[in-house]
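Just so you know, ligand 1 is whichever comes first in the structure, and atom 1 is the first atom listed for that ligand. Predicted model, so just to flag it, every value in this text is computed and none were measured.
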Amino acid sequence: MHAKVKSSETEKNIEGKTICHFINGEYTGSANGKTFNTYNPVTGKVYAQVHEAGRDEVDAAVRAAKNAMNGVWGEMTVEKRLELLYKLADGINDRFDDFLEAECLDTGKPYSLASHVDIPRGAANFKVFADVIKNVPTESFMLETPDGKGALNYALRVPKGVIAVISPWNLPLLLMTWKVGPALACGNTVVVKPSEETPATTALLGEVMNEAGIPAGVFNVVHGFGPDSAGEYLTQHPEVDAITFTGETATGTAIMQQAAIGMRDVSFELGGKNAGLVFADCDMDKAIEGTMRSVFANCGQVCLGTERVYVERPIFEEFVNRLKDEAEKLKPGLPKEEDTSFGPMVSLQQRDKVLSYYQKAKEDGANIITGGGIPEMPEEYKNGFWIEPTIWTGLPETSAVIREEIFGPCCHIQPFDTEEEAINMANDTQYGLATAIWTENASRAHRVAAKINVGIAWVNSWFLRDLRTPFGGSKQSGIGREGGVHSLEFYTEMRNVCLKL
Ligand code: NAD
């Protein structure tokens, strides 16, 4: 029933004309022939057609996942399963350049960034969780009984079943494998719906799954959009046992409503409006270097990024001037060029959204310290989704620019006078994902980190990730924690066995 695409057409599956679903170990198109365009953000041109899954393809993918769960994958020993995950990680590294090219084609991000973060982390996610699974014990209790013989209780950790993975476009491979890695390590099977903006590396991973010998049906991919498309069909599917999602808080709300039908468990990594706190006792060089990355890395399209910077008044002016100088050194350019330090936004729609905040900042009376528009680019790339790194001061804390997640390369810098005032401003948001605190005073560092309502508080660093630690958001920034043993809470179920002696 599916239009099978010959393997020669999918061989490179990244620069070809078509990106297909990956269902039950095979690349396949949509039965209804529906496709959509995917763009290269550097040129603004369409670079491939992507098949859009209808209910039939989603159903086929979920059934394939269910069959693998009830068959070869469910019966496989843990040792064999983990061996395959190691092969998978090696397989991604063996095809590093293919993944790098695909990721940068979809996102426009510099090779220098993707080759250090996206691809190696994308591969490492399989090894990390294979290691976790090997080393986590379960609990046991002896219960005393009236007959004096007792009962032994012990817990078994069992997979949940078919996991729907819905992923965003900002770190496509990394954030997708951050879910698929633990899901498979725990013995589940998955159906992934990557972002419609960035389908390439998820599709390519299918080839590596086959090369590594992962059984058909364990990893499936369906492409498409959210509402009335693959995303919604997948989260509505009654045979999906749990849903893990990274994306906007509003989308999380819609998915949670679908998950309520059939009582499916959810794991959510959602939006943020993260504050950076810079104290007068900071090491200014470190604070500038870290804030530069936290505001502008990946063109500001990082959920953990800083969009609100609070700086203690005595160093406010110096900080603003130095951040401006550094921001103006960022060099937009082609992903492959070594001196490119700044890529485009992922899509025209996303750029328009960010530009609307640039406009709003002007209307609300911001001082534009730098940026605020679209940069001049050479003729060949002028239709790419470029935008200027932007810094503002002088806005009231009530401005939408300070209250809403923008997800672009911009920040507002506000002075503060006391530690308490800084903490209050940092916490005055519906979000609670991350913060970065810059101070050389260790007591202050511990005190402030404990008081900011977030999932991750960095001190004198940003995006420094130990993958064994809990990762997730407080308030409207998420539900649950991922990372290390914490991922097991969602990807497994504990079954207690009580044996009367
Ligand atoms: P998004 O919510 O628009 O889309 C994410 C995914 O959900 C896409 O695959 C999309 O097709 C799908 N989707 C949309 N509507 C759906 C529906 N009704 N049912 C099922 N699926 C649906 O998010 P985005 O624009 O791709 O990503 C940016 C957002 O992600 C930002 O808010 C950012 O903060 C957040 N994010 C959070 C983290 C984190 O770890 N907390 C990490 C990265 C990104």
Side-chain angles (χ1 to χ4, degrees), residues 36 38 50 52-53 55 58 106-107 117-118 121 125 164-179 191-199 201-202 221-237 240 243-261 264 266-274 297-307 345-347 349-354 404-408 429-434 454-456 463 465 467 470-483 486-487:
F36 59 93
T38 188
V50 188
E52 182 182 353
R55 287 197 191 271
V58 170
D106 256 351
T107 60
V117 179
D118 301 62
R121 265 285 310 278
N125 285 337
V165 176
I166 312 268
S167 48
W169 46 258
N170 59 330
L171 298 147
L173 182 73
L174 188 158
L175 291 175
M176 181 266 298
T177 58
W178 179 240
K179 296 173 182 304
V191 179
V192 183
K193 209 296 282 169
S195 168
E196 54 274 30
E197 308 288 355
T198 54
T201 46
T202 306
V221 181
V222 288
H223 298 290
F225 303 84
D228 292 322
S229 184
E232 198 171 274
Y233 303 155
L234 181 58
T235 53
Q236 282 176 343
H237 199 290
V240 162
I243 303 165
T244 175
F245 166 73
T246 297
E248 284 185 25
T249 298
T251 312
T253 307
I255 292 178
M256 204 163 176
Q257 283 164 349
Q258 304 292 352
I261 302 164
R264 277 90 50 77
V266 292
S267 162
F268 285 168
E269 303 290 359
L270 307 175
K273 187 70 184 178
N274 311 304
N298 205 32
C299 199
Q301 304 166 116
V302 181
C303 56
L304 305 161
T306 306
E307 289 189 355
M345 305 278 328
V346 76
S347 65
Q349 187 195 12
Q350 192 63 23
R351 185 179 70 172
D352 286 347
K353 179 185 161 197
V354 176
E404 296 168 13
E405 182 186 46
I406 301 174
F407 219 57
T429 168
Q430 61 178 339
Y431 294 110
L433 193 51
V454 287
I456 308 156
F463 211 96
R465 288 279 300 123
L467 303 184
F471 176 89
S474 306
K475 300 198 263 183
Q476 291 189 32
S477 287
I479 295 181
R481 291 292 180 270
E482 298 184 296
H486 308 283
S487 289

Can you find an N or O of T246 that's nearer than 3.5 Å to an N or O of ligand 1?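 No, there is no polar N/O contact under 3.5 Å.
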
Do any nitrogen or oxygen atoms of T249 come within less than 3.5 Å of a nitrogen or oxygen of ligand 1?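 For ligand 1, there is no N or O atom that lies under 3.5 Å from one belonging to T249.
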
Please verify whether a non-hydrogen atom of [X] lies at under 4.0 Å from ligand 1.
X: F268; value: no
X: G478; value: no
X: P194; value: yes

Selected option - heavy-atom contact closest to atom 21 (N) of ligand 1, from G473, G231, G247: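 Looking at heavy atoms only, the winner is G231.
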
Note: E197, heavy atoms under 4.0 Å from ligand 1, region reported as neither

Once side chain to side chain donor-acceptor pair (under 3.5 Å) is applied, do any residues pair with H237, and if so which ones, sequence neighbours excluded?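 Once residues adjacent in sequence are excluded, the partners of H237 under the side chain to side chain donor-acceptor pair (under 3.5 Å) criterion are D59.
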
The side chain to side chain donor-acceptor pair (under 3.5 Å) partners of E52 (sequence neighbours excluded) come to S229

Which atoms of ligand 1 sit under 4.0 Å from any heavy atom of [X]?
X: L175; result: 42 (C), 43 (C)
X: I255; result: 19 (N), 20 (C), 21 (N)
X: E232; result: 19 (N), 20 (C)

For atom 12 (C) of ligand 1, closest protein heavy-atom neighbour: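 So the nearest neighbour among protein heavy atoms is I166 CG2, 3.5 Å.
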
Is the F268 ring parallel, tilted or perpendicular to the F245 ring (thresholds 30°, 60°)? perpendicular

Does the protein come close to atom 25 (O) of ligand 1 - that is, does one of its heavy atoms sit below 4.0 Å from that atom? yes

